[in-house]
Amino acid sequence: MKLRLAKVGLVAVLVGLLAQTAVRGVAHSDLFGCNGCHTPHNADALPGVPLWNGLETQTTFTMYSSDSFQGTIDGQPSGNSRLCLGCHDGANPDFAWMNPEHAFGADDLTSSHPVSFVYDSGLAVLDGALKDPSEASTLGATIAEDLLDGESKLQCASCHDIHSSGIGDSLLRGYDYGNGHGPQLCRMCHLK
Ligand code: HEC
Ligand code: HEC
Ligand code: HEC
Ligand code: HEC
């Protein structure tokens with residue numbers, strides 16, 4: 001683990017030398033290479049993240065809850081959300097330079113769109129204003145195929161595409177939330 005982090009660390013320092021604004025809208029693959037998240041050998045297992053390099057967050061998160069949320073959320077971030085938080089938890093010393101607005105501390109998931117829960121037909125029926133995940137996402141295939149992980153879970157990568165520069169400044173899939181296209185992103189799943 002130490003060795004892996006050391007490898008990522010060198011790249012991270014180089015990225016940190018760039019002005020923070022210079023990294024906006026640049027694909028994570030181009031910032032960190034592939035080994036920021038994957039490793040070709042001795043990979044660790046994390047559902048939804050093939051050949052995971054084992055990058056771990058040390059933070060214990062309070063997960064999202066509300067009176068109206070009807071999903072069953074995992075006890076801690078799972079799948080690719082857990083990977084993202086390995087760097088975005090504000091506690092990884094390699095990324096101490098990260099803009100605090102891009103870091104998620106122990107309580108910050110309580111005030112973010114819920115992640116790490118199964119989004120299936122049952123939940124869509126229960127909610128009454130969600131598309132069935134077998135419906136088209138508008139990105140070419142179904143919601144399940146385009147936006148959910150292999151366990152049908154909604155994760156950080158449901159809205160963000162770290163392999164590409166995405167749409168707008170925030171690596172978004174499909175639509176820019178901040179630039180007048182906001183509702184389309186959300187309406188890939190919500191009937192509102
Ligand atoms: C190897 C470390 C690392 C991992 C893993 C990682 N990120 Fe990042 N990410 C960063 C750094 C560093 C920045 C730049 C931070 C800044 O500018 O303050 C960043 C920036 C971002 C931004 C802002 C992009 C922009 O162009 O302004 C988004 C959105 C983002 N990451 C989402 C994600 C998501 C979603 C995941 C998981 C699928 C993820 N990241 C995984 C390190 C990482
Ligand atoms: C910031 C983390 C991160 C970086 C950097 C990254 N990946 Fe990934 N990769 C993921 C995640 C998360 C998934 C699974 C979810 C998804 O595809 O969005 C994935 C899935 C994949 C898959 C299997 C699914 C598919 O889309 O075919 C391949 C192949 C892959 N990555 C290759 C690469 C290569 C090659 C690079 C470097 C050019 C790279 N990745 C860089 C996080 C990353
Ligand atoms: C439901 C969709 C959705 C999910 C799920 C989601 N995000 Fe985002 N995220 C957005 C949108 C839209 C923005 C840009 C608008 C904003 O800042 O509110 C954003 C902004 C960001 C930014 C700031 C980037 C910038 O350009 O200012 C980061 C970092 C980020 N997300 C990381 C994550 C991480 C890590 C997760 C998982 C824990 C996650 N997001 C889950 C939709 C989502
Ligand atoms: C990949 C599909 C998907 C996308 C994209 C998406 N959501 Fe959601 N969202 C869900 C699911 C599934 C739930 C859980 C529904 C429930 O249990 O009530 C949810 C829950 C919510 C909730 C209710 C939380 C609660 O406590 O009841 C709000 C509000 C919400 N989303 C807003 C948004 C906004 C705003 C966007 C766009 C920035 C967005 N969503 C994008 C799938 C999505």
Side-chain angles (χ1 to χ4, degrees), residues 5 7-9 11-13 15-16 18-38 40 46-53 55-57 64-73 77 79-90 92 94-104 110 112-115 117-120 123-124 126-131 133 137-139 143-144 146-150 152-166 168-175 177-178 182-190 192:
L5 286 181
K7 262 200 254 166
V8 176
V11 182
V13 169
V15 172
L18 298 166
Q20 285 185 1
T21 45
V23 305
R24 292 188 68 88
V26 179
H28 275 36
S29 312
D30 295 327
L31 289 175
F32 308 110
C34 311
N35 71 348
C37 301
H38 303 288
L46 180 60
V49 184
L51 299 178
W52 179 42
N53 69 0
L55 180 72
E56 266 290 14
T57 173
Y64 184 88
S65 70
S66 84
D67 292 343
S68 48
F69 174 67
Q70 289 157 309
T72 304
I73 211 153
N80 63 58
S81 302
R82 191 164 143 204
L83 168 74
C84 308
L85 292 164
C87 295
H88 283 273
D89 64 358
N92 184 331
D94 289 339
F95 300 100
W97 54 271
M98 187 183 281
N99 179 338
E101 288 181 10
H102 295 175
F104 295 75
T110 60
S112 267
H113 193 286
V115 293
F117 64 98
V118 171
Y119 169 16
D120 59 9
L123 182 61
L126 207 58
D127 184 87
L130 277 174
K131 292 184 188 167
S137 74
T138 69
L139 298 183
I143 292 172
D146 286 338
L147 306 177
L148 306 180
D149 72 10
S152 288
K153 288 181 182 172
L154 191 151
Q155 303 286 9
C156 307
S158 297
C159 298
H160 296 283
D161 181 1
I162 23 78
H163 289 115
S164 87
S165 54
D169 276 341
S170 307
L171 310 177
L172 294 172
R173 290 188 190 276
Y175 298 97
Y177 185 64
Q184 277 97 322
L185 173 74
C186 315
R187 284 176 182 156
M188 287 199 284
C189 303
H190 290 277
K192 295 273 189 205

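Nothing fancy with the numbering, it's 1 onward along the sequence. Remember, it's 1-based here, ligands and their atoms both numbered in the order they're listed. Scope of the values below: all heavy atoms of this structure, side chains included, with no hydrogens, waters or symmetry mates.
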Region of Leu31 engaging ligand 1 - heavy atom pairs below 4.0 Å: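 It is neither; nothing of Leu31 touches ligand 1.
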Any idea which protein heavy atom is nearest [atom], and the distance to it?
| atom | result |
| --- | --- |
| atom 16 (C) of ligand 4 | Asp127 OD1, 3.4 Å |
| atom 27 (O) of ligand 4 | Ser68 OG, 2.8 Å |
| atom 37 (C) of ligand 4 | Cys186 SG, 1.9 Å |
| atom 14 (C) of ligand 2 | Gly48 O, 3.0 Å |
| atom 18 (O) of ligand 2 | Arg173 NH2, 3.4 Å |
| atom 1 (C) of ligand 4 | Cys189 SG, 2.7 Å |
| atom 23 (C) of ligand 4 | Tyr64 OH, 4.7 Å |

Counting only heavy atoms closer than 4.0 Å, does ligand 4 sit against the backbone of [X], its side chain, both, or neither?
| X | answer |
| --- | --- |
| Ile143 | neither |
| Asp67 | neither |
| Leu126 | neither |

Just distances here: any N/O of [X] and N/O of ligand 4 closer than 3.5 Å?
| X | result |
| --- | --- |
| Leu154 | no |
| Gln70 | yes |
| Tyr119 | no |
| His190 | yes |

Strictly inside 4.0 angstrom of [atom], do you find any protein heavy atom?
| atom | value |
| --- | --- |
| atom 12 (C) of ligand 4 | yes |
| atom 25 (C) of ligand 2 | no |
| atom 29 (C) of ligand 4 | no |

Those atoms of ligand 1 less than 4.0 Å from some heavy atom in [X]:
| X | answer |
| --- | --- |
| Leu171 | 24 (C), 28 (C), 30 (C) |
| Asn99 | 16 (C), 18 (O) |
| Cys156 | 35 (C) |
| Trp97 | 12 (C) |
| Asp169 | 24 (C), 25 (C), 26 (O), 27 (O) |
| Leu55 | 5 (C) |
| Phe95 | 1 (C), 2 (C), 12 (C) |

What atoms in ligand 2 come closer than 4.0 Å to a heavy atom of Asn80?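 Ligand 2 atoms under the 4.0 Å threshold to Asn80: 12 (C).
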Nearest neighbour of atom 15 (C) of ligand 1 from the list His88, Gln155, Arg82, Met98, on a heavy-atom basis: Met98
Select the closest option to atom 43 (C) of ligand 1 among Cys87, Gly33, Ser81, judged by heavy-atom distance.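 It is Cys87 whose heavy atom sits nearest to atom 43 (C) of ligand 1.
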Protein N, O or S within less than 2.8 Å of atom 8 (Fe) of ligand 2, waters excluded: His38 NE2, His163 NE2
Yes or no: does His113 have any heavy atom under 4.0 Å from an atom of ligand 4?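 It does, in that a heavy atom of His113 comes within the 4.0 Å cut-off of ligand 4.
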In the structure I gave you, are the side-chain heavy atoms of Thr72 and Phe117 within less than 4.5 Å of one another anywhere?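 Counting from C-beta outward, Thr72 and Phe117 never come under 4.5 Å.
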Which of the numbered atoms in ligand 4 are below 4.0 angstrom from a heavy atom of Leu123?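 Answer for ligand 4: 12 (C), 17 (O).
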Angle between ring planes, His28 versus His88, binned at 30° and 60°: parallel, tilted or perpendicular?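 Because their plane-to-plane angle is under 30°, the rings of His28 and His88 count as parallel.
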Please work out, at 4.0 Å between heavy atoms, whether the side chain, the backbone, both, or neither of Leu83 comes within that distance of ligand 2. side chain
Kindly confirm whether atom 8 (Fe) of ligand 1 is within less than 2.8 Å of some N/O/S atom in His102? no
Atom 8 (Fe) of ligand 1 contact by His160, N, O or S atom under 2.8 Å: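 No, since none of the N, O or S atoms of His160 sits under 2.8 Å from atom 8 (Fe) of ligand 1.
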Set out, in order, the CA-CA distance, both residues' side-chain angles and the distance that settles side chain to side chain contact (heavy atoms under 4.5 Å, CB included) for Thr138 and Tyr175, then state yes or no. CA-CA 10 Å; Thr138 69; Tyr175 298 97; 3.7 Å; yes
